[in-house]
Asks: 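Input: one structure, supplied below.
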Amino acid sequence: MYPFQIKTYEDYKRQYQKSIDTPEDFWEEIAEHFTWKKKWDKVLSWDFKKPEVKWFEGAQLNFTENCIDRHLESKGDDTAIIWEPNNPNEQNRLITYNELSIEVNQFAQILKNLGVQKGDRVCLYMGMIPELTFATLACARIGAIHSVIFGGFSAKSIKDRVLDAEAEYIITCDGSFRGAKSIPLKSVVDEAIEELDPEIFSGVKKVLVVKRTEEEVRMKAERDVWYHEEKQKVSDTIFIEAEVMEAEDPLFILYTSGSTGKPKGVVHSSAGYMVYSTYSFVNVFQYNPGDIYFCTADVGWITGHSYIIYGPLAAGATSLMFEGIPTYPDSGRFWDIVDKYKVNILYTAPTAIRSLMACDNACVERADLSSLKVLGTVGEPINDEAWQWYHTKIGKGNCPIVDTWWQTETGGIMISSLAGVTPERSTFASLPLPGVQPCLVDEHGKEVEGNNAQGNLCIKFPWPSMIRTTWGDHERCRQVYFSAYDNKYFTGDGCLRDENGLYRITGRVDDVLNVSGHRIGTAELENAINEHAIVIESAVVGYPHDIKGQGVYAYVICEKMPKDAEGARQEIISLVRDIIGPVAKPDKIQFVSGLPKTRSGKIMRRILRKVAEGEIDQLGDISTLLNPEVVEVVILGRV
Ligand code: WT7
């Protein structure tokens with residue numbers, strides 16, 4: 001039981017009201033339950049116009065003291081991390097809080113020995129191994145700003161991120177296991193570094209390499225060092241002081257896609273992120289000490305940051321970290337893990353649920369799932385069919401499901417039921433967490449009040465873990481999130497509120513796709529496709545996809561229609577894989593002679609979307625187009 005854990009619906013309503021009436025008092029009381037080096041002078045100051053938001057100003061802390069040190073006395077021998085490897089026959093690892101303390105301390109010393117200092121940016125491009133958690137916490141321990149890059153991203157994506165953050169240090173692995181495959185992470189990093197222009201960025205000083213797959217790697221003298229060798233040089237008994245962090249010092253950068261081609265480095269701060277990730281973890285999942293909690297996300301995404309590492313560890317939880325994929329060795333992998341460790345709380349993505357639903361029922365039936373108490377989903381809207389299957393087949397009708405809506409930018413869960421405490425409804429994220437003030441706005445930017453309403457989802461008051469800036473480009477942060485509506489944070493999502501005030505997220509209203517829970521900007525995809533020598537122009541839209549939620553549909557104009565269309569398609573697909581990564585690969589490519597455009601030359605995506613969705617009788621008025629005749633051609637060539 002945690003002092004700030006809400007246990008009844010009545011209590012939720014009271015807490016929610018308090019968080020609106022007196023937000024400073026509300027958050028101050030919660031913050032009292034953390035370890036601070038120095039307490040705050042002021043709880044909140046804010047101005048969405050700039051934007052500038054400061055929580056717990058004047059406070060000093062180190063998040064890792066809250067994730068590790070403060071637990072050592074009471075639960076040093078409790079398991080902090082259960083690590084389950086890709087291959088079920090390989091040895092797993094159980095890491096206690098005491099062991100975690102030693103590992104993170106050693107890792108922190110290694111980073112210091114390499115020259116990393118407070119404020120330096122460190123890119124982590126690793127597989128899902130315990131060392132990824134150690135590395136993340138070690139950065140936080142010494143005040144370095146980590147930027148974790150998902151292990152499925154390409155060399156070009158790494159290059160862009162290293163450059164944007166001006167990261168002089170990279171931590172990687174020789175390779176990582178993913179199902180039957182292994183990914184040569186170190187050589188991808190080598191390729192990324194080679195592509196960096198020394199004139200623009202003076203360069204990566206050190207690459208620290210953790211051994212995992214034992215595959216051959218090239219080690220560049222002076223620059224590249226092995227983790228296991230560096231570890232020999234540091235003490236496991238002498239502990240270094242955790243760096244003093246100011247409340248608003250950046251904790252990490254995490255890149256995410258937006259409407260333009262260039263990924264944005266979302267910056268999260270130290271104190272606010274700590275308080276909110278922990279508070280939301282304990283309340284949404286109704287975590288109780290001793291529970292085994294399994295979040296299937298990758299640490300490369302915000303879900304892994306907030307709800308594999310920071311939130312759970314700050315709550316002293318046992319967090320299960322899984323290296324593999326849901327379908328290896330077979331599609332019963334998640335359920336076998338639940339059975340093996342008697343998992344109590346399972347947090348996964350609708351896309352995983354949909355793909356596992358389609359698999360052999362025997363894979364579910366063979367596992368004992370009776371330990372499960374709470375189920376969660378995140379990343380995209382969950383359709384009713386998937387929700388019902390999750391509820392009956394996995395939860396056996398006994399487990400509340402929390403459908404958690406949030407974003408990389410929000411740092412923590414914003415709208416969700418609290419498991420078993422507040423109302424839930426299939427396909428609805430349900431109610432805002434205390435401290436979260438959502439509102440719906442119409443096309444004129446006017447707030448739509450009352451129930452049974454629909455509009456664009458905004459948040460009209462700051463919450464502790466909100467985005468502070470986009471790295472190196474504050475104006476972009478203002479423009480993307482704070483300029484669309486006066487004095488409000490704009491989420492980019494459409495939303496409706498039902499007759500009881502429950503929220504349902506209907507999907508993105510901007511040029512961002514959500515493919516298998518991964519966020520990909522259409523501009524990013526188009527830039528990649530346009531790199532192909534034969535391509536003149538392209539336009540990408542999403543269409544409903546049974547498993548992925550949204551699929552990628554690309555309309556491509558070539559110099560001349562390719563003779564070997566299938567060959568050209570394959571080339572474009574592999575180009576996108578190389579430039580962005582396998583998650584972004586187009587599902588459908590249609591070669592077209594033209595794209596529908598407005599008189600000002602803007603591509604009419606609405607029409608392309610309708611065609612991709614197969615709703616060709618709902619194209620609306622096309623007479624204002626510059627070239628209405630291409631619409632028919634586009635319809636005829638639909639794939
Ligand atoms: C976008 C944020 C938050 C961690 C994973 C994704 C969509 C997220 C839900 C949900 C409907 C959802 C939204 C949001 N989304 N959760 N429960 N129901 N849609 O983080 O990559 O920053 O993407 O994912 O469209 O804006 P992200």
Side-chain angles (χ1 to χ4, degrees), residues 148-150 152-153 252-259 263-268 273 276-277 280-281 284 295-311 347-354 375-384 386-387 390 401-417 424-433 436 438 456-459 465-467 470 480-481 484 489-496 502-522 524 542 548-550 581 583-584:
V148 184
I149 303 172
F150 173 58
F153 275 138
F252 64 86
I253 307 171
L254 186 58
Y255 284 86
T256 187
S257 298
S259 303
K264 301 175 280 216
V266 172
V267 177
H268 282 290
Y273 178 78
Y276 196 81
S277 58
S280 53
F281 171 72
V284 170
C295 167
T296 70
D298 193 287
V299 170
W301 312 114
I302 189 70
T303 309
H305 285 58
S306 303
Y307 300 115
I308 294 178
I309 300 184
Y310 286 115
Y347 190 28
T348 192
T351 188
I353 297 169
R354 285 191 300 265
L375 301 174
T377 71
V378 60
E380 54 182 311
I382 181 166
N383 49 312
D384 183 60
W387 194 98
Y390 200 30
I401 296 181
V402 290
D403 175 351
T404 66
W405 175 84
W406 58 298
Q407 308 177 298
T408 304
E409 294 86 345
T410 69
I413 296 167
M414 300 289 279
I415 304 181
S416 168
S417 52
E424 73 181 30
R425 175 175 174 190
S426 164
T427 77
F428 280 68
S430 177
L431 293 172
L433 264 69
V436 175
N456 286 351
L457 179 62
C458 292
I459 316 286
S465 63
M466 70 186 292
I467 178 175
T470 41
V480 174
Y481 306 105
Y489 165 86
F490 176 44
T491 64
D493 281 315
C495 182
L496 59 86
L502 303 189
Y503 289 84
R504 176 189 192 166
I505 313 300
T506 49
R508 302 287 306 194
V509 295
D510 54 10
D511 292 331
V512 171
L513 306 185
N514 191 329
V515 180
S516 301
H518 300 310
R519 198 162 138 181
I520 309 165
T522 51
E524 224 175 313
K548 299 180 176 188
Q550 259 188 322
V583 284

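Remember, it's 1-based here, ligands and their atoms both numbered in the order they're listed. Residue indices begin at 1 and follow the sequence shown.
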Asks: What pairs with S465 under side-chain contact (heavy atoms from CB on, under 4.5 Å), at least two apart in sequence or on another chain?
Replies: Y273, Y276, W463
Asks: State the OG1-CD1 distance between T404 and I415, to the nearest 0.5 angstrom.
Replies: 11.0 Å
Asks: For A349, what residues pass the side-chain contact (heavy atoms from CB on, under 4.5 Å) criterion, not counting sequence neighbours?
Replies: T351
Asks: For the side-chain hydrogen bond (donor to acceptor under 3.5 Å, both in side chains) test, which of R519, K264, E524 pairs with S257?
Replies: E524
Asks: Which residues satisfy the side-chain contact (heavy atoms from CB on, under 4.5 Å) test with S430, sequence neighbours excluded?
Replies: S417, L502
Asks: List, ordered by chain and residue number, the protein residues whose closest non-hydrogen atom lies under 4.0 Å from any atom of ligand 1.
Replies: I302, T303, V378, G379, E380, P381, D403, T404, W405, W406, Q407, T408, D493, I505, R508, N514, R519
Asks: Looking at CD1 of I253 and OH of Y255, how far apart are the two atoms once the value is rounded to the nearest 0.5 Å?
Replies: 5.0 Å
